[in-house]
Structure formats: C-alpha cells, structure tokens
Amino acid sequence: MEKDKISINQFALMYLLLIAGGKFLKLPSMLAADVGHDSWLTLCFSFLWDAICLTFLLWAIRINKDSQLDISAILNNTVSKAVAKIILIIFFVMFVVRNNILLASCYKMFAVTFDVSTNWIVYIIPVVALSVLTLKLGFNSVARASQLLFGIIFICVIVLIASPLSQVDFGYVLPIGEAGWGKIVSTSFLRSFWFTDYVFIYLLLDNVKVKKHVFSPVLTAFAIGAFVTIAMNAMFVALYGDLAPQFDLAMSKIGVHFVSKSSNGRWDWLTLSIWLISVFIKIVVFFICSYKCLEKIFEFNVNKLNIWAIGAITALFMLPIFLPIEIALSTVVAYGLIPFAIVQYALPIAMPFLTKAAQAKLNLGNTLTDSIKSAKRFARKAKENASV
C-alpha cells in the first residue's frame, strides 16, 4: 500500500534512530558482565556481522525495486509456503521478545531515573494505542516522524555522550583483548543476538522506494550509529569500571554526569526524555513488524486491522509481569539459538538470490499464462474462421 512506502533517505534516518534507541540501555551492562572493559570490542564484532547482513539485505531491496515482492511472496516462491510460515513465526517471536526488552528497560528507567512508578498495564496501554494508530496510518507515518524528529534526538544523543568527556579516563578500557578474543567474538553473537537492528528490514522489502542510491545513505547512517554506540559503550565502562555490570540503564548513568555542580535539578532529564523518543519509535516499528508477521502467517485482509492479532501482541506484552525479561531472553536463546541464528545471519545473505529466484519464477509463470491465453485466443479465432 502507498501509505507504507518510504524513501531510501527516510529509511536511512529511521535506521539510525533505531540503532540509537536499541543498544543504549541493557546491552552495555550485559556485555560488561561477560567481557569487562572489552565490551566495546564485542560491539565492534557485532556491528561487523550486522554490516555484512545489512549489505546483502540492501542488495535484495535493489533487486526488488521493480517487482516490489514482500517477504512472504519471496519465501513462498522459493523455499515453500510451509517453510515461509515457520520463518515468519520465528520473526514474530524475535520482534515480541525484543519489544519486551525495550518496554521493560523503559519501565525501569521511568521508575529509577525519573522516579515515576506506574502499573505495567497502565504503562502498556498508551504504547499499544500509539502503535495501533501508527499501524492504521501506515509505516510512512513512522518514517516522517523519524525524519522530523531526527535532528533534535540525535543532538541529545551526542550531548549525553559528550558531556562527561572531561571526567573519562579511557585508560580503563586497556589492555585490549584481556578477556580473550575467542570469548569476545562468541559474546558478540550470543549477547548481542537480541539487539541487532536490521531485522525489521525483512518486513519492508517491498516498501522502500528506490531511485538511484541504495547502499550509500543507509550504510553511512549505519556507520554513524555504530561509531556512536561503540563510543558510548567505551565511555560507560571507562566511567564505571568494575561497577558497570551493576548498572543496566547505561544511557541514564552516563547522563548523570551531565549535571554540573552549579545547576539546580537534573538537566540530563531533558536530553534523556527526548532521546527516549527513539526507543518508542523502535517499539512502534517492532509492533508493526509483529503485526505484519501475523498478517502474512494467517493471511489477514491487508486493508482492515485484525483485532485478534492486536490483542495477541498486547497479551504477549504482559509477559514481563510474570517472567523477568532476563530469564525469558536466556531461555529463548538457549532453546532457539540455531533457528534464530539462521534467520538472523544466514537468511540475509541468501535474500538477494531468493529474490532473484522468486522474480524468475513469477516471470516464468506470467509468461506461461500469457502463452496459454494467446493459444486460447488463437484456437478460438481458428474455430470461428472454420465455422465461417
């Protein structure tokens, strides 16, 4: 649908905001607990894998620019409809779990940093309402909001990260590789497994409008996001050292250093509040992707919102009430590592080739259909001429 179409530049800006909104909360403390001050190196490897997969997905978008096939059509015409549904189910679980991580982290930030306590259900209702409204308006509304708010959000991100520079002793991140390179590389897969940002692209393969450039704007945005994220992580472990694993809201703890000795109140609250917009943009994007997965699995009417799908996603957002998100995260990774790794790291590399194969199959089918129609017309005319 046209309301879901976005330009490649809008896509690049939104992607940069998603990186800024996803890796600045729980991930730094988790990495610090595993590899200490080498956590920034783990992020370097994580972004390397992401860059490879992102490049292949952008290649698939470029191939798909004329045919505009969605992920379901590509998979149905290549790996079979049954396998396509399995892959979409895996994506659905990924989006729901990642959204629960984001929601739980934001909830804790409101309680700890802003000293605002609320009921989980009361907290979830407006988030779901915003997501449903955005779903109704179309994905283009997310892209336009990201484009409009990008400047102020990213300025706040830079201010938050740059403000404590005078207090940072980067000697605390040395020596490099102390945790062991094998552990650093393996952690880049296991710990950052649920914090990769490019997975939403699968559900937008047919919605990105491509004119000339595909790779340069998106890869530039990715490089900027990667640099800022790695710098934030290095600053976090340099500021807090051995205490870094104890603080699971990294951006909030970095923001504390924004308060000057002469100021009254918490000046960092303003920049933190504006930055949190990027987190909620990411939550909305993942909500839409979750809905689209169900839409393709159960083949809903695309022109009408399905209340049952929205209710199911909302119900799954209640899981943190009954199960700590850390336990849910470790459980899913432990029992679903191979299938989730396949769709996250192997499928992107295959997407350009699957897209080409799907296009070839559909073109062949269209050619055969046209040939059959032509043969029928020829036979009908021949019969008419014979009767005359």
Side-chain angles (χ1 to χ4, degrees), residues 1-15 18 53-81 83-92 94-95 131 134-144 146-147 197-215 217-219 221 284-306 309 343-344 347-366:
M1 292 184 291
E2 191 62 31
K3 67 178 183 178
D4 284 330
K5 300 294 182 182
I6 61 175
S7 70
I8 195 68
N9 290 329
Q10 287 176 325
F11 175 80
L13 291 178
M14 183 175 65
Y15 186 36
L18 296 190
C53 295
L54 175 61
T55 302
F56 278 88
L57 283 175
L58 293 175
W59 184 14
I61 289 175
R62 186 175 182 178
I63 293 170
N64 196 40
K65 67 177 182 178
D66 294 324
S67 57
Q68 292 291 287
L69 300 176
D70 63 17
I71 182 66
S72 183
I74 293 171
L75 295 176
N76 287 344
N77 286 283
T78 51
V79 297
S80 80
K81 195 170 184 177
V83 175
K85 289 187 182 295
I86 293 173
I87 292 174
L88 288 168
I89 290 171
I90 294 173
F91 278 134
F92 175 75
M94 290 174 70
F95 289 125
S131 301
T134 307
L135 185 62
K136 180 67 175 178
L137 294 174
F139 205 84
N140 182 265
S141 62
V142 184
R144 288 184 178 276
S146 300
Q147 191 175 22
D197 300 296
Y198 62 79
V199 288
F200 78 101
I201 299 175
Y202 286 106
L203 280 301
L204 290 181
L205 287 174
D206 58 326
N207 292 329
V208 181
K209 294 184 289 187
V210 178
K211 292 183 178 180
K212 293 182 179 179
H213 304 290
V214 178
F215 295 97
V218 180
L219 290 178
V284 169
V285 168
F286 281 2
F287 184 98
I288 294 173
C289 290
S290 302
Y291 179 88
K292 286 185 174 293
C293 285
L294 292 181
E295 183 182 82
K296 297 177 188 307
I297 292 168
F298 296 103
E299 301 178 7
F300 299 145
N301 183 352
V302 296
N303 297 314
K304 184 178 179 181
L305 291 182
N306 188 288
V343 299
Q344 185 156 316
L347 186 60
I349 297 174
M351 281 309 299
F353 310 103
L354 293 176
T355 304
K356 284 184 179 180
Q359 288 177 341
K361 185 175 180 179
L362 290 173
N363 290 336
L364 178 61
N366 292 334

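Sequence positions, counted from 1, serve as the residue numbers for this chain.
- The shortest side-chain heavy-atom distance between L69 and N77 does not fall under the 4.5 Å cut-off.
- In this structure, M351 CE and T78 OG1 are separated by 7.5 Å, a value rounded to the nearest 0.5 Å.
- Taking CG of L57 as the reference point, atom OH of Y202 lies at 5.0 Å (rounded to 0.5 Å).
- Remark: side-chain polar atoms of K81 are not paired, donor with acceptor, to backbone N or O of N76 under 3.5 angstrom.
- Annotation for F56 and P352: closest pair O-CG, 3.2 Å, computed over non-hydrogen atoms.
- In this view, A309 and Y291, L294, F300, N306 satisfy the side chain to side chain contact (heavy atoms under 4.5 Å, CB included) rule, not counting sequence neighbours.
- Sequence neighbours left out, the pairs with a member in residues 62-71 that pass salt bridge (charged side-chain N to carboxylate O under 4.0 Å, His left out) are D70-K296.
- Q147 and L13 make their closest contact through CG-CD1, 4.0 Å (heavy atoms, listed as atom of the first residue, atom of the second, distance).
- Residues V199 and Q344 are in side-chain contact: their nearest non-hydrogen atoms beyond the backbone lie under 4.5 Å apart.
- Proximity of V142 to M14: side-chain heavy atoms (C-beta onward) are separated by under 4.5 Å at one or more points.
- Note: Y15 and F11 have parallel aromatic rings, judged against thresholds of 30 and 60 degrees for the angle between ring planes.
- Proximity of a side-chain donor or acceptor of N363 to a complementary backbone N or O of Q359 within less than 3.5 Å is detected.
- For the pairing with L88, the side-chain contact (heavy atoms from CB on, under 4.5 Å) check across V83, I71, V343 returns one residue only, I71.
- F95 contributes atom CZ, which lies 4.0 Å from atom SG of C289 (distance to the nearest 0.5 angstrom).
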